[in-house]
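Just so you know, ligand 1 is whichever comes first in the structure, and atom 1 is the first atom listed for that ligand. Quantities reported herein were computed from a predicted structural model and do not represent experimental measurements. All residue numbers in this chain count up from 1 along the given sequence.
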Amino acid sequence: MKPQERGRVSKDNMNNEPMDHFLDVVLPLPLERLFTYTISAQEAAFIRPGMRVAVPFGKSKIYTALAHRVHQNSPTAYQAKEIYQILDEGPLVGPIQWQHWQWVAKYYMCSLGEVVRTALPGAFLLESETMILPNKGAQIDEMALGDDEFLVYEALQRSSSLTIGEIGEIVDRKNVLALVHRLVQKGVALQREELQEQYKPKLVRYVKLAPAYDGEEQLEALLQELGRAPKQVQVLLSLFQWRATQKKPITISGLEKQSGSSRAVIKALIDKGVLDEFQIRQDRVDQGEASRETTGIVLNGHQEKALGDIREGFAQARPMLLQGVTSSGKTEVYIKLLQDCLDQGKQALYLLPEIALTSQLINRLQAYFGNRVSVYHSRYSIHERVEVWNNVMESRDKARIVIGARSALFLPFKELGLVVVDEEHESSYKQFDPAPRYHARDAAVVLANLHGAPILLGSATPSVESSYNVQRGKYGLARMDERYGAVKMPEILLVDIKEASRKKRMKGHFSHQLIEAIAQILGEGEQLILFQNRRGFAPVVECTSCGHVPQCPNCDVSLTYHRHNQQLRCHYCGHHMALQHHCLACGSPTLDTKGLGTQQIQEELEQFFPQARVGRMDLDTTRGKYAHERIISGFENHEMDILVGTQMVTKGLDFRNVGLVGIMNADSMLNFPDYRAHERSFQMLTQVAGRAGRTKKRGLVLIQTYNPDHKILQQVASNDYGGMFLEQLQEREQFGYPPLAKIIKLTLKGRDFNMVNQASDWMASSLKNVLRHQVLGPEYPPVARIRRDYLKNILIKIPGNASLSQTKNGIKRIERSFDAISKYKSVRLVYNVDHI
Ligand code: ADP
Ligand code: ZN
Ligand code: ZN
């Protein structure tokens with residue numbers, strides 16, 4: 001046993017047990033290992049894995065960490081410090097969650113701390129360098145604050161921000177994380193990272209007579225004593241009046257009204273201990289009542305068949321893929337399954353690629369499940385996230401069904417009974433930055449498996465991965481090949497714009513066919529959508545004299561022109577400058593500002609169809625919090641005739657009156673240098689096309705292209721998913737790409753160009769020693785410098801018959817040798833497993 005470190009005398013230890021107790025914690029940092037701290041015997045008895053503790057780390061920093069394991073083995077490499085404080089009464093993270101997070105860390109080659117950082121709402125993870133700011137707009141009930149809280153609140157009125165250390169000085173103690181946690185949760189203060197819109201949690205304050213005055217005698221004595229304070233007596237009498245007539249408790253503001261007195265008088269009574277104050281919290285995210293019964297949904301034959309197949313697959317504990325063409329009614333099938341899950345008293349998780357775009361779906365689910373639906377999203381305010389977290393952890397009714405983007409995977413589900421991954425092919429399910437660079441669909445399959453819960457992946461255009469998993473029997477398949485209500489699939493025509501361009505017969509970006517089709521649709525009072533791919537149409541400012549395009553000083557890209565505020569901006573690092581009126585290179589005023597592709601289309605439309613009402617949905621027009629919703633509902637309500645949009649218009653929207661979809665240019669997508677470009681193009685084009693003709697009349701889709709003979713375009717036009725799948729699979733097999741191989745992308749980053757190059761060469765040749773021809777690169781990525789870091793990529797292909805985990809271990813061993821080379825200290829390594 002190690003000598004006592006904290007001056008406790010072991011003689012006092014009567015039952016002769018060793019007195020050292022240690023706690024391993026996970027710090028929310030990219031550290032390989034857990035850290036060990038000393039704790040007292042009482043603390044050891046109290047702490048359970050998954051509780052938060054405040055701990056010192058580094059020179060003088062304090063972090064919120066998660067307790068992992070209590071034990072009695074002193075660390076050998078360093079002297080354990082004491083923890084500062086336990087922050088929770090019970091675990092915030094349950095055993096299955098731990099297991100799942102450990103899988104994510106291992107599979108995606110990052111630290112458990114990085115998973116914790118992504119998984120927990122930011123409000124749970126204060127650290128000593130977090131800046132605390134006043135919550136300017138909030139209505140703060142000063143009476144609700146404890147003494148320390150009030151001191152900090154006051155200080156925040158006078159300063160624009162405080163560090164945790166400064167707050168420690170204000171309240172004259174070191175240990176303030178718990179205090180700051182409370183302030184943030186009460187909405188008094190904000191964390192620096194949380195600068196978006198903030199809400200105060202809605203605590204409704206009530207009062208009642210303190211128990212000490214419950215007897216008649218005591219009461220009489222009290223009234224006598226208060227005789228000299230008639231206002232206070234008035235308040236008490238009002239309270240008795242309320243009690244005589246009402247069953248429910250009275251709120252402070254209710255009592256204020258009832259007695260016609262002021263808050264100060266009530267506070268005086270609370271301070272005297274005559275009244276007791278208590279709070280009942282009202283969740284901000286209340287969704288209202290369900291207005292429809294799921295029993296009211298009558299499935300058609302295809303849906304019934306699919307539902308039956310899915311249930312059967314679930315019974316055999318197989319992940320299921322629902323492949324249903326656009327508008328086949330997948331959502332109704334999901335709703336039936338969600339009902340099954342609720343009938344079993346379990347929780348359901350419904351994952352979506354991007355929450356911002358899915359208010360339609362949320363409304364549809366809420367119509368059936370009312371306030372049993374919660375929405376969880378990392379862009380929500382900390383309070384909303386904490387509320388949903390707690391509701392899920394307590395298995396509350398209002399979080400029976402959680403709709404969320406990928407981070408909802410990390411919620412503390414207790415009794416998960418169903419996972420739905422909608423639009424499973426979407427690449428935004430993969431987190432790109434920071435670590436963990438996880439794929440939410442794949443992590444969801446693992447999560448469901450840990451819970452023994454069924455999982456359904458749904459899409460009109462499944463990823464090649466998922467169809468491959470069906471082919472080799474890992475997933476089951478249910479299909480719906482027809483649209484609901486006998487609606488026909490849209491007619492898809494390819495329009496050759498090569499000829500037209502050569503003969504200068506295009507009107508701007510429009511072919512004759514497209515112009516005619518638009519005119520006809522408008523004449524019939526219908527609506528249409530025009531799709532312009534985002535790629536290759538970033539607006540820039542170009543000098544027409546010398547050709548100069550302003551560049552970002554930190555990154556290897558051109559600055560993007562933002563028309564709404566006349567700025568040039570870097571999309572990688574945020575660097576920006578005001579739009580110049582003279583060329584920075586040659587000084588001439590001949591600058592040509594090309595707007596977004598969508599903007600140009602909109603302008604041309606206004607010229608060709610001056611009567612049409614044109615709306616636009618792209619990065620520029622969807623800045624505000626509800627901007628998406630406004631555009632979508634405006635289009636739904638037929639306040640616009642034409643919607644011009646980017647990728648955003650492809651996402652599962654269900655518009656009733658769209659007779660035509662035009663795709664302005666299919667080629668920029670197809671030519672993208674990426675092994676997935678063809679699969680993506682097929683998915684995107686099919687999804688956009690699927691917005692057309694969702695009611696009785698057959699819709700029309702026109703795809704403008706320079707390559708009408710391209711295989712993928714032919715497959716889109718003939719709705720030939722199977723052909724696309726087989727062909728892609730062959731190609732991937734031939735070139736060793738997923739799903740027939742696994743890939744890991746390794747990126748080396750650093751400020752020093754030469755060092756990054758040397759380090760990449762060292763890394764690549766070390767990897768090649770072990771993995772040989774599986775290693776490609778190093779190579780410069782298309783954007784080779786970002787935020788002043790130079791980048792270089794190495795791609796590792798792991799064939800289907802090789803062991804992924806052994807390969808990863810091999811890579812990790814090489815990383816350790818790499819870390820030992822001091823001249824490469826400044827070069828960082830980033831892993832992206834299953835990079836897409
Ligand atoms: P998908 O998600 O497969 O593209 P949706 O679920 O949006 O298709 O269904 C398309 C349309 O058909 C929606 O307006 C939906 O309300 C309607 N629909 C689908 N199934 C039914 C059903 N069983 N009863 C009534 N309406 C249905
Ligand atoms: Zn110039
Ligand atoms: Zn930049």
Side-chain angles (χ1 to χ4, degrees), residues 292-307 322-338 350 352 358 360-361 363-365 367-368 420 422-424 456 458-462 478-487 489-490 538 541-560 568-577 580-592 636 650-658 686-696 699 783-791:
R292 301 160 78 175
E293 294 282 342
T294 59
T295 45
I297 300 176
V298 182
L299 299 183
N300 68 18
H302 302 284
Q303 290 172 317
E304 277 298 346
K305 171 83 169 64
L307 181 64
L322 173 58
Q323 178 172 0
V325 296
T326 54
S327 204
S328 56
K330 294 184 284 297
T331 317
E332 273 69 16
V333 175
Y334 300 150
I335 290 172
K336 291 284 187 189
L337 293 166
L338 289 167
Y350 190 127
L352 280 166
T358 47
Q360 271 194 338
L361 179 96
N363 293 341
R364 263 165 95 178
L365 293 191
Y368 289 104
V420 173
D422 198 0
E423 309 288 355
E424 67 87 29
L456 178 64
S459 174
T461 52
R479 293 186 67 137
M480 299 195 293
D481 294 332
E482 277 174 45
R483 289 183 145 190
Y484 179 78
V487 174
M489 292 303 284
V541 174
E542 193 181 25
C543 171
T544 54
S545 302
C546 76
H548 175 77
V549 174
Q551 303 290 308
C552 175
N554 310 319
C555 312
D556 184 15
V557 289
S558 307
L559 293 174
T560 311
L568 297 177
R569 223 167 218 293
C570 171
H571 281 184
Y572 287 90
C573 75
H575 173 86
H576 54 92
M577 58 192 265
Q580 308 290 305
H581 298 286
H582 294 270
C583 171
L584 291 172
C586 75
S588 91
T590 53
L591 296 182
D592 185 15
E636 273 177 329
T650 64
K651 315 278 158 111
L653 295 170
D654 184 26
F655 297 121
R656 312 310 307 163
N657 193 36
V658 174
T686 305
Q687 294 284 350
V688 196
R691 302 311 116 208
R694 291 170 76 91
T695 39
K696 286 279 172 268
V783 179
R785 185 163 172 256
I786 294 178
R787 289 196 194 89
R788 294 204 263 140
D789 279 333
Y790 292 94
L791 309 183

If we number the atoms of ligand 1 from 1 as shown, the ones under 4.0 Å from a heavy atom of Val325 are 3 (O)
Test item: Val325 and Glu482 side chains (from C-beta on) under 4.5 Å apart, heavy atoms: no
Between Lys336 and Glu304, is there a salt bridge with N-O shorter than 4.0 Å? no
Which is closest to atom 7 (O) of ligand 1 by heavy-atom distance: Arg364, Arg483, Arg691, Glu304? Arg364
Would you say the side-chain atoms of Gln551 and Ser558 include a donor-acceptor pair closer than 3.5 Å? yes
Heavy-atom nearest neighbour of atom 10 (C) of ligand 1 within options Gly296, Gly485, Ser327, Gly458: Ser327
Does Val333 have a heavy atom less than 4.0 Å from any atom of ligand 1? no
Metal environment of the Zn ion (ligand 2), protein N/O/S under 2.8 Å: Cys543 SG, Cys546 SG, Cys583 SG, Cys586 SG
Mind reading off the angle at the Zn ion (ligand 3) between the SG atom of Cys552 and the SG atom of Cys570, rounded to 10°? 110°
Would you say Gly329 has any N or O atom under 3.5 Å from an N or O of ligand 1, going by distance alone? yes
Can you confirm, on distance only, whether ligand 1 has an N/O atom lying under 3.5 Å from any N/O atom belonging to Asn300? no
May I ask whether Arg656 places a heavy atom under 4.0 Å from ligand 1? yes
Whether Asp789 and Arg787 form a salt bridge (side-chain N of Lys/Arg under 4.0 Å from carboxylate O of Asp/Glu) is what I want to check. no
Ligand 1 to Thr326, heavy atom cutoff 4.0 Å, flagged ligand atoms 4 (O)
Heteroatom proximity flag, Val298 to ligand 1, N/O under 3.5 Å: yes
Do the non-hydrogen side-chain atoms of Leu322 and Tyr334 ever get within less than 4.5 Å of each other? yes
